[in-house]
Amino acid sequence: FLLAFNTSLTACALFVFILSFGEALWSPRLYDYTVSVAPKGKEGAFMALGNAPLFFSTMPVGLLSGYLLQVFCPAHGPRRSKEMW
């Protein structure tokens, strides 16, 4: 929610850096844990189930982000990007 306070280019770059750093820390641990709890021979199925929430959230998030951009950042007229975040 860093962009709720400031929408400058520096704030956007800092947001991407923090998000990337968090992903770099979290993602390997998720994969490691998923494989460690899987029974022998079922690692692939457990990896698929571990990634299922990300897969199923892709469509609703895409639709929601498109709607929010249309409402808060229209092509013409005032843009209210702080309210969107």
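Any value given below was found using the heavy atoms of this structure, including those in side chains, with hydrogens, waters and symmetry copies removed. Numbers here simply count residues along the sequence, with the first being 1.
Leu68 and Val71 fall within a single hydrophobic cluster, where Ile, Leu, Val, Met, Phe, Trp and Tyr are joined by side-chain heavy atoms under 4.5 Å apart, directly or via other members. Taking hydrophobic clusters as Ile, Leu, Val, Met, Phe, Trp and Tyr residues chained together by side-chain heavy-atom distances below 4.5 Å, Tyr33 does not share a cluster with Tyr31.
Across all non-hydrogen atoms, the minimal contact from Arg79 to Pro74 is NE-O, 3.1 Å. Smallest separation of non-hydrogen atoms from Pro53 and Gly50: CD-O, 3.6 Å. Across all their heavy atoms, Val35 and Met47 have their closest contact at CG2-SD, 3.6 Å. In plain terms, the two heavy atoms of Lys42 and Ala38 that are nearest each other are O-CB, 4.1 Å.
With rounding to the nearest 0.5 angstrom, the CG atom of Leu19 is 11.0 Å from the CG atom of Leu14. To the nearest 0.5 Å, atom CZ of residue Phe15 and atom OG of residue Ser20 are 9.0 Å apart. For the atom pair CG of Leu30 and OG1 of Thr34, the computed distance is 4.0 Å after rounding to the nearest 0.5 Å. Rounded to the nearest 0.5 angstrom, Tyr67 OH and Phe72 CZ are separated by 7.5 Å.
Under the 3.5 Å distance criterion, the side-chain polar atoms of Glu43 are matched with a main-chain donor or acceptor of Gly41. Although no hydrogens or angles enter the test, the distance criterion places no donor-acceptor pair under 3.5 Å between the side chain of Ser27 and the main chain of Ala24.
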